[in-house]
There are 2 protein chains.
Amino acid sequence: MRTEGRAKRLPRAVRERQIMDAAVDVFSRLGFHAASMDEISDVAGISKPMLYAYLGSKEELFATCIRREATRIMEAIATGVEPDQEPDVQLWSGLRAFFGFVGENRASWQVLHRQASTQGGPFAAELADMRGRAVSLVAALLTQSTKAPATQHEAESLAAALVGAGESLAEWWLDHPEEPAGVVAARLMNLVWMGFGDLVDGNVWHPPSRR
Amino acid sequence: MRTEGRAKRLPRAVRERQIMDAAVDVFSRLGFHAASMDEISDVAGISKPMLYAYLGSKEELFATCIRREATRIMEAIATGVEPDQEPDVQLWSGLRAFFGFVGENRASWQVLHRQASTQGGPFAAELADMRGRAVSLVAALLTQSTKAPATQHEAESLAAALVGAGESLAEWWLDHPEEPAGVVAARLMNLVWMGFGDLVDGNVWHPPSRR
DNA sequence: CCAGGTACCTACTGGCGAGTAAGACTACTG
DNA sequence: CAGTAGTCTTACTCGCCAGTAGGTACCTGG
């Protein structure tokens, strides 16, 4: 990752991107506390004062990383999901988009999921915000499509469980990278749409038409 | 939490328990890096050298905490689950035991789930071990009861998703403590056994007989 | 070719926290 | 009442790391 020898005097915007990339890399590998500003500046190929001049304190830098990565992943999902479709198709497209993104951006995922959640203060809030948006999305999907009247808590907690299942499966996936994204996404889709009850009977869910 | 003034000269075994309790408390609130040995010894009501004399280095102490809490939670589940029953009943009793434990031991849960997973090194291994046992338990339940032949990966990843859903729901629950454990457990049971597909049609799962 | 701004650096400070040295106090044992 | 084993303390060392002081090189417009 270390940038090679002496690419000098770049404009600020470019340096900021380099620094952010390095920061996400280091934070994702080491976590907030164990990561040092020295290492980040080293990986970015600049000196520490530049880091402070451009991105502020360590906490500010970390918060900025979280915000950037959270925005990226939410945009990826929003782009991938197909509104005005049946609920199951919407969920399916959302899951595909999510696992697709994680597969291509492991570091982004780690800095979001593993690191941000454990640091107190504004980081958790930043992450909780994105997570909350994801949960609301699923909760709305559930509420609008269910026939039985469900409480707010009901839908929200189910959505939280689903989002958590996705997060956990993504984590599992990091240790089994040979599986394609589509397969992993399909497994989760089957679990949450059909349930174990159907799966043990051999009933599976599949998309209405091979898109 | 701070133990009150000068309870003097206790036997080693008692002190060790006090220290472990304090350590779990502090680690769960602050995380591994942010927690200081000074604070732990302070909360435990002793001085730092005692800490080192009895429990070794900070890393050793943390690993010991994880092992203790992991053992406690796995034992709670093992005690609660009812073998030789139908798969859904086994799952249900396991979920009840899990949420029951988390409800009564928030700190234990946090030190396990949030803190341990983010620190590299032996901690993650320690936790992954427990988590792996939980996943294997569920995977076995799935494999033995399914009629369709499932691959190892298939069962394992589904189990990982389920365990993650449970973890995530437990986390959600920490922010909504007014809900009773049984209700939360039932929600997850419905999600993973019936699936959204059934739930939106108003079909719910319920235990075969009100135990 | 100078003025001033922007990119960039080396080399420091100051504090926090892990781990320890060296001994003091208590209690049991003979 | 020694002696010894186990409990417990104060008061340090020492390294790491966030953050900064005080510059140097380079470019751009006049």
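So you know, we letter chains A, B, ... as the sequences are listed, proteins then strands, and number each from 1. These numbers come from the heavy atoms of this one structure, side chains and all, not from hydrogens, waters or symmetry mates.
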Colleague: Between atom CD in A:E60 and atom P in D:dA18, what is the gap in whole Å?
Modeller: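 To the nearest whole Å, that distance equals 14 Å.
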Colleague: Of all residues at least two apart in sequence or in a different chain, which pass the side-chain contact (heavy atoms from CB on, under 4.5 Å) check with A:L55?
Modeller: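 Residues passing side-chain contact (heavy atoms from CB on, under 4.5 Å) with A:L55: A:E16, A:I19, A:M20, A:L61.
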Colleague: Closer than 4.0 Å, any side-chain N/O of A:R12 to the OP1 or OP2 of C:dC8?
Modeller: no
Colleague: Using a cutoff of under 3.5 Å, can you pull out all pairs of nitrogen or oxygen atoms linking the protein to nucleotides 15-19 of chain C, with atom names and distances?
Modeller:
unit_1	atom_1	unit_2	atom_2	d
C:dA18	OP1	B:A35	O	3.3
C:dA18	OP1	B:K58	NZ	3.0
C:dA18	OP2	B:M37	N	2.8
C:dA18	N7	B:K48	NZ	3.4
C:dG19	OP2	B:Y52	OH	3.3
C:dG19	OP2	B:K58	N	3.1
C:dG19	N7	B:K48	NZ	2.9
C:dG19	O6	B:K48	NZ	2.7

Colleague: Answer yes or no: is there a donor N or O on one side and an acceptor on the other, between the side chain of B:N105 and the main chain of B:F101, under 3.5 Å?
Modeller: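 Yes; at least one donor-acceptor contact below 3.5 Å.
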Colleague: Can you tell me how far apart NE2 (A:H176) and CD (A:E178) are? Round to the nearest 0.5 Å.
Modeller: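 Between atom NE2 of A:H176 and atom CD of A:E178 there are 6.5 Å.
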Colleague: Taking CD from B:Q18 and C1' from D:dC8, how many angstroms apart are they, rounded to a whole number?
Modeller: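 Whole-Å distance recorded here is 13 Å.
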Colleague: How many Å lie between CE on B:M50 and P on D:dT10, as a whole number?
Modeller: 13 Å
Colleague: Quick one: A:I40 CD1 to D:dC17 P, roughly how many Å, whole number?
Modeller: 12 Å
Colleague: Do nucleotides 22-30 of chain D as a string where each nucleotide becomes B, S or -: B if the base has a protein heavy atom under 4.0 Å, S if just the sugar-phosphate does, - if no protein is that close.
Modeller: ---BB----
Colleague: How would you list, by chain and number, every residue that makes a side chain to side chain donor-acceptor pair (under 3.5 Å) with B:R67, sequence neighbours excluded?
Modeller: B:E126
Colleague: Can you sort out the partners of A:S47 under side-chain contact (heavy atoms from CB on, under 4.5 Å), two or more places apart, ordered by chain and number?
Modeller: A:P49, A:M50
Colleague: Give the rounded distance in Å between these two atoms: CG of B:L51 and P of D:dC8.
Modeller: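 Between P of D:dC8 and CG of B:L51: 13 Å.
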Colleague: Among residues at least two apart in sequence or on other chains, which ones pass side chain to side chain donor-acceptor pair (under 3.5 Å) with A:E104?
Modeller: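 Side chain to side chain donor-acceptor pair (under 3.5 Å) list for A:E104, sorted by chain: empty.
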Colleague: Applying side chain to side chain donor-acceptor pair (under 3.5 Å), name anything that partners B:N190, two or more places apart in sequence or on another chain.
Modeller: none
Colleague: Write down the distance between CG (A:L55) and P (D:dG19), rounded to a whole number of angstrom.
Modeller: 13 Å
Colleague: Suppose we screen for side chain to side chain donor-acceptor pair (under 3.5 Å). Which residues come up paired with A:S41, at least two apart in sequence or across chains?
Modeller: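 Side chain to side chain donor-acceptor pair (under 3.5 Å) list for A:S41, sorted by chain: empty.
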Colleague: In whole Å, what is the span from the CD1 atom of A:I19 to the P atom of C:dC8?
Modeller: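 Answer to the nearest Å: 9 Å.
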Colleague: Which pairs pass salt bridge (Lys or Arg N to Asp or Glu O under 4.0 Å) with one or both residues in residues 179-193 of chain B, sequence neighbours excluded?
Modeller: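 Sorted pair list: A:E154-B:R187, B:E179-B:R187.
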